[in-house]
Engineer: 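Below is one structure. I have some questions about it.
Reckoned from all heavy atoms, side chains included, excluding hydrogens, waters and symmetry mates. Keep in mind that this is a model prediction, so the values were computed, not measured.
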Amino acid sequence: MSDTQGFFIDWDGNARSVSDPGGGYLCETDRVAKYVAVTTKTGTLVHEGTFYKTMDDIAKAGIKAGFVPGSHPWGSKEDGF
């Protein structure tokens, strides 16, 4: 699990915390490169995103995304989840 505080955008357009991405996933972050790798517990890469330090940084980037907690499910039935 990441000990970094910050956010990324998931594949549904939601903002998620890198410290609690949900879905049993873990985040590896590179703050300098502004990169987030979302992986399974065994290390399989499932999503890549941009690291944002704050929700305001997401808004400044022109992205309209609501924050969802880790308990919010990833994907939908239409996505096969």
Engineer: Do the side chains of Phe8 and Tyr52 join up, straight or via other hydrophobic residues, at under 4.5 Å, putting them in one cluster?
Structural biologist: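 Result: no, two separate clusters.
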Engineer: Among the clusters formed by ILVMFWY side chains lying less than 4.5 Å apart, do Tyr25 and Val18 turn up in the same one?
Structural biologist: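 In one cluster with Tyr25: Val18, yes.
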Engineer: Side chains of residues 32-45: which donor-acceptor partners sit under 3.5 Å, not counting sequence neighbours?
Structural biologist:
unit_1, atom_1, unit_2, atom_2, d
Tyr35, OH, Glu48, OE2, 2.6
Thr40, OG1, Thr42, N, 3.4
Thr40, OG1, Thr42, OG1, 3.1
Thr40, OG1, Gly43, N, 3.4
Thr40, OG1, Thr44, N, 3.1

Engineer: CG of Asp20 to NE2 of His72: how many Å apart, nearest 0.5 Å?
Structural biologist: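 Taking CG in Asp20 and NE2 in His72, the distance rounds to 12.5 Å.
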Engineer: The criterion is side-chain contact (heavy atoms from CB on, under 4.5 Å); which residues satisfy it with Ala59, sequence neighbours excluded?
Structural biologist: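 By the side-chain contact (heavy atoms from CB on, under 4.5 Å) rule, Ala59 matches no residue at all.
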Engineer: State which residues pass side-chain hydrogen bond (donor to acceptor under 3.5 Å, both in side chains) with Asn14; sequence neighbours excluded, sorted by chain then number.
Structural biologist: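 Asn14 satisfies side-chain hydrogen bond (donor to acceptor under 3.5 Å, both in side chains) with Asp10 only.
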Engineer: Taking Val68 as the starting point, is it possible to reach Met55 by hopping between hydrophobic residues whose side chains are less than 4.5 Å apart?
Structural biologist: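 Different clusters: Met55 never reaches Val68 through Ile, Leu, Val, Met, Phe, Trp or Tyr contacts under 4.5 Å.
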Engineer: First locate atom OG of Ser17, then atom CD of Gln5, and finally report the distance between them rounded to the nearest 0.5 Å.
Structural biologist: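 Taking OG in Ser17 and CD in Gln5, the distance rounds to 6.0 Å.
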Engineer: Okay, side chain of Trp74, backbone of Pro21: is any donor-acceptor separation there less than 3.5 Å?
Structural biologist: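 Yes; at least one donor-acceptor contact below 3.5 Å.
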Engineer: Got a sec, which residues hit side-chain hydrogen bond (donor to acceptor under 3.5 Å, both in side chains) with Asp57, two or more places apart in sequence or on another chain?
Structural biologist: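 Only Thr54 meet the side-chain hydrogen bond (donor to acceptor under 3.5 Å, both in side chains) criterion with Asp57.
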Engineer: Between the side chain of Thr29 and the main-chain N/O of Arg31, is any donor-acceptor distance below 3.5 Å?
Structural biologist: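 Checking the backbone N and O of Arg31 against the side chain of Thr29, no donor-acceptor pair under 3.5 Å is found.
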Engineer: According to side-chain contact (heavy atoms from CB on, under 4.5 Å), who are the partners of Ser71, at least two apart in sequence or on a separate chain?
Structural biologist: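 Per chain and number, Ser71 pairs via side-chain contact (heavy atoms from CB on, under 4.5 Å) with Pro69.
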Engineer: Who are the ring-ring contact (aromatic ring centres under 6.0 Å, His included) partners of Phe7, not counting sequence neighbours?
Structural biologist: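 Partners of Phe7 by the ring-ring contact (aromatic ring centres under 6.0 Å, His included) criterion, ordered by chain and then number, come out as Phe67.
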